There are 2 protein chains.
Amino acid sequence: MSESGAALRNTRQRSAVSALLAEVEGFHSAQDLHAMLRSRGERVGLTTVYRTLQGLADAGEIDVMRPPGGEHLYRRCSEGHHHHLVCRVCGRTVEVAGPAVETWAERVAAQHGYADVSHTLEIFGTCPGCVR
Amino acid sequence: MSESGAALRNTRQRSAVSALLAEVEGFHSAQDLHAMLRSRGERVGLTTVYRTLQGLADAGEIDVMRPPGGEHLYRRCSEGHHHHLVCRVCGRTVEVAGPAVETWAERVAAQHGYADVSHTLEIFGTCPGCVR
DNA sequence: GCGTTTTTGACAATCATTCTCGTTGTCACG
DNA sequence: CGTGACAACGAGAATGATTGTCAAAAACGC
């Protein structure tokens, strides 16, 4: 399960997706990213973009958000566990860390005998620029 | 369109959905609930189930969860704000309250100038019965 | 009962995501 | 450097939950 068996291959497409994610700010949908790659002249299939994003997400290199609107949004984030504070108008996102929340979640789960705990948490609000 | 004059009507279908939600335990998808109603002999359209669930969710009478699997899950829950601790194997769910989390979220959002704050939080784990 | 207005429901439409499968590119090894 | 095995690609089809449509049916006030 660790890095021993997988043997991922280095491909042009994978690099392209990674490179794009390194440049863009904020969250973007798979289709969005695919369109950007296309307009850059990169020839990458939509299927591959999905596969690559999934792989990166599994590897923990990018974060996935499922907003109440439908499509999955991906973003390259700082390492380590954190959550997002998202403006529901313009989408501006701030990464926030909440050690207290992590321990709280662990404790609550443990109290009920649940093991192997993970959690999802998003905070939505209206950012200063969108309030007026 | 205006919220003041809405005047919802009492219909057999609406009652059926409500009644079913009052009986079943745990989260169920719209399609799931629809199938149950059908097998009971209730004649309700799938479209209506969706509409009714949405209405109930808007009214705050049921909770909606979007698990990483795809479909929306609905459940009749206790009143008031709370979150869910869900077994990722069998789906067994515990309602948990975390006043500390609520205030933390508010505070973090306020620090960044975000107003009108809401949040979503789910905890996933493996429940005692599914661990072995 | 009667008319008005909401609600229903069968079906079509939408649309992001996943699957399929023949083709192509990588990489390890000789 | 050549070659073979096999992962990765990609175009299009398939999937499947959710939403839109609109004529017909049901509920409520009087």
Side-chain angles (χ1 to χ4, degrees), chain A residues 1-21 27-59 61-75 91, chain B residues 1-21 27-59 61-75 91:
Chain A
M1 297 279 279
S2 38
E3 57 284 355
S4 40
L8 291 196
R9 292 183 179 178
N10 255 349
T11 64
R12 171 177 48 80
Q13 294 85 346
R14 202 132 24 193
S15 311
V17 173
S18 277
L20 178 59
L21 280 169
F27 281 91
H28 296 275
S29 69
Q31 318 242 2
D32 213 359
L33 293 166
H34 177 241
M36 290 189 223
L37 288 171
R38 276 298 170 86
S39 70
R40 280 180 168 207
E42 300 276 2
R43 294 188 299 92
V44 183
L46 179 57
T47 308
T48 301
V49 174
Y50 273 106
R51 268 192 297 238
T52 305
L53 288 173
Q54 259 172 27
L56 289 171
D58 286 348
E61 295 190 31
I62 60 176
D63 277 1
V64 191
M65 189 172 46
R66 293 168 54 81
E71 37 185 358
H72 296 186
L73 300 181
Y74 303 89
R75 185 196 191 194
Chain B
M1 302 274 278
S2 57
E3 60 285 354
S4 40
L8 291 195
R9 292 182 179 178
N10 255 348
T11 66
R12 173 177 48 81
Q13 293 86 344
R14 221 165 325 226
S15 310
V17 173
S18 278
L20 179 59
L21 281 169
F27 282 91
H28 295 275
S29 68
Q31 318 242 3
D32 213 358
L33 293 166
H34 177 241
M36 290 189 223
L37 288 172
R38 277 297 171 87
S39 70
R40 280 181 169 206
E42 300 277 0
R43 293 187 301 92
V44 183
L46 179 56
T47 310
T48 301
V49 174
Y50 273 105
R51 269 191 298 239
T52 305
L53 289 172
Q54 257 171 28
L56 289 171
D58 286 348
E61 295 191 30
I62 60 176
D63 277 1
V64 191
M65 187 173 48
R66 293 170 53 82
E71 34 185 0
H72 296 186
L73 300 181
Y74 303 87
R75 184 197 192 192

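Bear in mind the structure is a predicted one, so any value in this text is a computation, not a measurement. By convention in this document, chain letters (A, B, ...) are assigned in the order of the sequence lines, proteins followed by strands, and residues within each chain are numbered from 1.
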Without decimals, in angstroms, what is the distance between [X] [atom1] and [N] [atom2]?
X     : N      : atom1 : atom2 : value
A/Q54 : D/dA8  : CD    : P     : 13 Å
A/Q13 : D/dC9  : CD    : P     : 5 Å
B/R38 : C/dT8  : CZ    : P     : 14 Å
B/D58 : D/dT19 : CG    : C1'   : 15 Å
A/Q31 : D/dA11 : CD    : P     : 14 Å
B/L37 : C/dT8  : CG    : P     : 13 Å
A/R43 : C/dG25 : CZ    : C1'   : 12 Å
A/D32 : C/dC15 : CG    : P     : 15 Å

Reported CG-to-OG1 distance for the pair B/L37 and B/T48, which is rounded to 0.5 angstrom: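 Spacing of CG (B/L37) from OG1 (B/T48) equals 10.5 Å.
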
Distance (rounded to the nearest 0.5 Å) between B/F27 CZ and B/D63 CG: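 If I round to the nearest 0.5 Å, the distance is 6.0 Å.
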
Set of side chain to side chain contact (heavy atoms under 4.5 Å, CB included) partners for A/R43, sequence neighbours left out: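 A/R43 satisfies side chain to side chain contact (heavy atoms under 4.5 Å, CB included) with no residue once adjacent residues are dropped.
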
Partners passing side chain to side chain contact (heavy atoms under 4.5 Å, CB included) against B/L46 (at least two apart in sequence or in another chain):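 Residues passing side chain to side chain contact (heavy atoms under 4.5 Å, CB included) with B/L46: B/Q31, B/H34, B/Y50.
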
Side chain of A/N10 - closest among C/dC27, C/dT17, D/dA11: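 Nearest nucleotide to the side chain: C/dC27.
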
Among C/dA10, D/dT18, D/dA26, the nucleotide that comes nearest once only the side chain of B/R9 is considered: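 Of all the options, the side chain of B/R9 is nearest to D/dA26.
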
Along DNA chain C (nearest heavy atom to each residue), the more 5'-positioned of A/L73 and B/V44: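 On the 5' side of the pair lies B/V44.
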
Where A/V49 and A/A30 come nearest, the two heavy atoms and their spacing: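 Answer, listing the atom of A/V49 first, then A/A30: CG1-O, 3.8 Å.
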
Closest approach of B/S29 to B/L73 (non-hydrogen atoms, all atoms of both residues):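 Nearest pair, atom of B/S29 first, then B/L73: N-CD2, 3.6 Å.
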
Residue met sooner reading DNA chain D from 5', once A/R12 and B/H72 are mapped to nucleotides: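 Of the two residues, A/R12 wins.
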
Residue whose nearest DNA chain D nucleotide is more 5′ - B/T11 or B/Y74: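 Residue closer to the 5' terminus by nearest nucleotide: B/Y74.
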
Side-chain touch B/T52/B/Q13, heavy atoms, less than 4.5 angstrom: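 No. Closest side-chain heavy atoms not under 4.5 Å.
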
Quiz item: B/R14 side-chain donor-acceptor pair to C/dT7 base, under 3.5 Å: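 No, the side chain and the base share no sub-3.5 Å donor-acceptor pair.
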
DNA chain C contacts among residues 46-53 of chain B, heavy-atom distance under 4.0 Å: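 Per residue number, the list reads B/T47, B/T48, B/R51.
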
